[in-house]
Structure formats: structure tokens, C-alpha cells
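Here is the structure we will look at, set down as C-alpha cells.
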Amino acid sequence: MDTKDLLRFEREYISRGYKLIAGVDEAGRGPLAGPVACAAVIMPLDKDRIIPGVDDSKKLTEKKRGELYKKIVENALCYNVVFIDHTVIDEINILNAAKRGMKTALETLKIRPDIALIDAVKLDLDFPSLPIIHGDALSYSIAAASILAKVERDRLMREYDKKYPEYGFSRHKGYATANHRALISKFGKCEIHRESFLKNAAMWADEADEGAEGGGGGQ
């Protein structure tokens with residue numbers, strides 16, 4: 001989708017008098033290991049400051065995400081990425097963990113937004129917000145947040161790969177790929193595996209493979 005087509009929500013709210021629009025998304029809801037990463041970002045929306053190519057992180061290659069990440073952090077008015085680790089996910093479930101991370105990322109932005117556009121979920125906030133289903137594919141601001149969350153989570157999983165090299169985290173980023181499942185069967189779980197996910201047979205489906213390389217925020 002052309003970047004200009006991702007600005008319809010932003011244009012609508014600008015026309016209503018909102019100036020500071022935050023986008024919010026997460027990466028890592030589906031993996032068997034590691035944290036969920038939640039990002040909030042306020043991007044400049046002046047015509048000449050829109051970054052071409054920003055899109056849902058799942059639609060981008062790892063190289064393209066990295067290039068766009070650099071441009072986003074250089075141009076953002078402010079941004080936050082918050083990690084909610086596996087222990088919290090096991091304690092309160094992944095949806096509540098993602099909501100906690102999104103809310104924290106938003107509320108600790110250096111600039112208070114006038115409104116937040118959030119991928120799919122509704123948050124209890126003291127300023128206006130709008131949950132948008134498939135928001136990372138429909139909103140420029142949410143797409144930018146999805147790239148931040150995905151890139152930073154992938155970086156963290158590559159660091160975990162150094163600590164737990166037998167699991168191949170740099171390849172699959174903790175998602176339930178066939179390779180990852182085989183390695184768990186061989187070595188057992190490690191410190192960062194999500195107990196609640198390992199106990200749920202439904203989480204072991206091959207469909208999670210898309211999160212390893214191309215997949216990203218919203219998964």
C-alpha cells in the first residue's frame with residue numbers, strides 16, 4: 001500500500017483539530033519464547049516529513065525494516081518501546097501483557113498525545129484513543145510503531161541467541177517454527193520460554209512460522 005493511503009485516519013483526526021497523533025502496536029504475541037515488545041510513537045505528519053515505504057512490518061523484509069527503523073527514530077517527535085517479559089506473560093496472559101506494555105509505552109512518551117491510534121485493542125487511557133483492527137496495515141502511525149516494536153524485539157532475540165545458542169533464536173525469534181519445536185524437544189525449555197505457551201498445544205502450529213523472518217508487529 002502506498003504510504004499516502006495509510007494516512008486517512010491521521011488526516012481525519014487532523015481535520016478534527018488533533019495535532020499530536022500517537023501510533024501504538026506490538027510485536028511478539030505469538031512466540032513460544034521471549035517478551036512481547038510494545039511501541040508508541042508520535043510521527044511528524046507534515047507533508048514533506050512523511051517517510052516513504054512505512055508499512056505493516058509483516059509486509060517488509062528484515063533489511064527494509066531496518067532502514068525504515070533508522071528513519072523513524074531519527075524523525076519521530078518521540079517514541080517508546082517497552083518489553084513485557086515471559087514471566088509476566090505467564091502470569092497475566094499475553095493479551096493483558098500486550099495491553100500493559102502498550103499502555104506503559106503511551107503513558108511514558110515524553111510528549112502527551114492528543115489521541116492514540118492503537119492496533120486492534122482498546123486501552124483504558126485518560127486521553128482519546130481509537131482501536132483499529134489491522135491498524136498496522138491501515139495507519140501510518142501504527143505501521144511506524146509496528147516497525148519499532150519488531151526491529152527492537154528481533155535485536156533482543158539475537159542477544160538471547162548468544163546466551164542460548166542451542167535454540168536458534170536469531171533465526172526464528174522464538175516463534176513456533178518446526179525447527180524451534182524440534183530444538184525444544186531435544187534440549188527442553190530454557191529460561192525465557194513461556195510456560196503457558198508450551199503447555200498449550202494449539203500454540204505449536206506451523207502457522208507461527210511467518211513470525212520468524214517476515215512476521216512482525218501484531219503477531
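Taken from CZ in R65 to NZ in K58, the straight-line distance is 10.5 Å, to the nearest 0.5 Å. With rounding to the nearest 0.5 angstrom, the CD1 atom of I147 is 4.0 Å from the CD1 atom of I72. Atom-to-atom distance recorded for H193:NE2 and D90:CG is 11.5 Å, nearest 0.5 angstrom. Note: E91 CD to S196 OG = 11.0 Å, rounded to the nearest 0.5 Å. With rounding to the nearest 0.5 Å, the separation of CZ in R194 from OG1 in T87 is 11.0 Å. Atom-to-atom distance recorded for I142:CD1 and L117:CG is 5.0 Å, nearest 0.5 angstrom.
Looking only at side-chain heavy atoms (C-beta outward), S139 and E10 come within less than 4.5 Å of each other. Y175 has its side chain out of reach of M157: every pair of non-hydrogen atoms, C-beta onward, lies at least 4.5 Å apart. Here the side chains of E62 and S57 are not in contact, with every heavy-atom distance at 4.5 Å or above. Side-chain atoms of F9 and I21, non-hydrogen and from C-beta on, never get closer than 4.5 Å to each other. Taking the side chain as every heavy atom from C-beta outward, R29 and V36 approach each other to under 4.5 Å. Two residues are said to be in side-chain contact when any heavy atoms from C-beta on lie closer than 4.5 Å; F169 and K163 fail this criterion. The shortest side-chain heavy-atom distance between D119 and I132 does not fall under the 4.5 Å cut-off. Using a 4.5 Å cut-off on side-chain heavy atoms (C-beta onward), R8 and L138 make contact.
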What verdict does the salt bridge (Lys or Arg N to Asp or Glu O under 4.0 Å) test give for K189 and E195, after you've listed the backbone C-alpha separation in whole Å, the side-chain angles of each residue and the deciding distance to 0.1 Å?
CA-CA 9 Å; K189 63 182 176 64; E195 293 273 5; 3.0 Å; yes
Show your working on side chain to side chain contact (heavy atoms under 4.5 Å, CB included) between K19 and I14 and close with a plain yes or no.
CA-CA 6 Å; K19 294 180 180 179; I14 287 171; over 6 Å; no
Are I51 and Y140 close enough, and set up right, to give a side chain to side chain contact (heavy atoms under 4.5 Å, CB included), and what steps lead you there?
CA-CA 9 Å; I51 301 171; Y140 173 79; 3.6 Å; yes
Assess the residue pair K71 and E67 against the criterion (salt bridge (Lys or Arg N to Asp or Glu O under 4.0 Å)); give the C-alpha distance rounded to whole Å, side-chain angles, the decisive distance to 0.1 Å, and a yes or no.
CA-CA 7 Å; K71 293 178 181 179; E67 293 170 353; over 6 Å; no
May I have the step-by-step check of side chain to side chain contact (heavy atoms under 4.5 Å, CB included) for K150 and D25, ending in yes or no?
CA-CA 9 Å; K150 174 62 175 169; D25 201 4; over 6 Å; no
Step by step, work out the salt bridge (Lys or Arg N to Asp or Glu O under 4.0 Å) result for K162 and E159.
CA-CA 5 Å; K162 297 174 184 176; E159 289 301 309; 3.1 Å; yes
Start with the C-alpha distance between L156 and D154, add both sets of side-chain angles, then the distance that settles side chain to side chain contact (heavy atoms under 4.5 Å, CB included), and finish with yes or no.
CA-CA 5 Å; L156 180 61; D154 283 359; over 6 Å; no
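Between K59 and A137 the shortest heavy-atom distance is NZ-CB, 3.8 Å. The two residues A37 and V81 have their closest heavy-atom pair at CB-CG1, 4.4 Å. For G53 against L68, the heavy-atom pair with the smallest separation is O-CD1, 3.3 Å. Shortest non-hydrogen contact noted between G101 and C38 is C-CB, 3.4 Å. Residues Y79 and E152 approach most closely at CE1-OE2, 4.1 Å, considering heavy atoms. Contact record, A144 with V54: N-CG1, 3.8 Å, taken as the closest heavy-atom pair.
Relative orientation of the Y164 and Y167 rings is perpendicular, given thresholds of 30° and 60° on the angle between their planes. Ring orientation note: the planes of Y13 and Y18 are nearly perpendicular, at an angle over 60° on the 30°/60° scale.
Within a 6.0 Å sphere centred on CG of D46, other residues, nucleotides and ligands contribute more than 12 heavy atoms.
A distance-only check finds no donor-acceptor pair linking the side chain of K173 to the backbone of R153 [under 3.5 Å]. Between the side chain of N80 and the backbone N or O of A105 there is at least one donor-acceptor pair closer than 3.5 Å. A donor-acceptor pair is defined here as one N or O able to donate and one able to accept, closer than 3.5 Å; no such pair exists between the side chain of H172 and the backbone of A178. Distance alone, capped at 3.5 Å, is enough to place a donor-acceptor pair between the S15 side chain and the E12 backbone.
Applying the under-4.5 Å side-chain rule to Ile, Leu, Val, Met, Phe, Trp and Tyr, the cluster around L95 extends to L20, V24, I42, L77, M102, L106, L109, I111, I118, V121, L123, L125, F127.
With sequence neighbours excluded, no residue forms a side chain to side chain donor-acceptor pair (under 3.5 Å) with N75.
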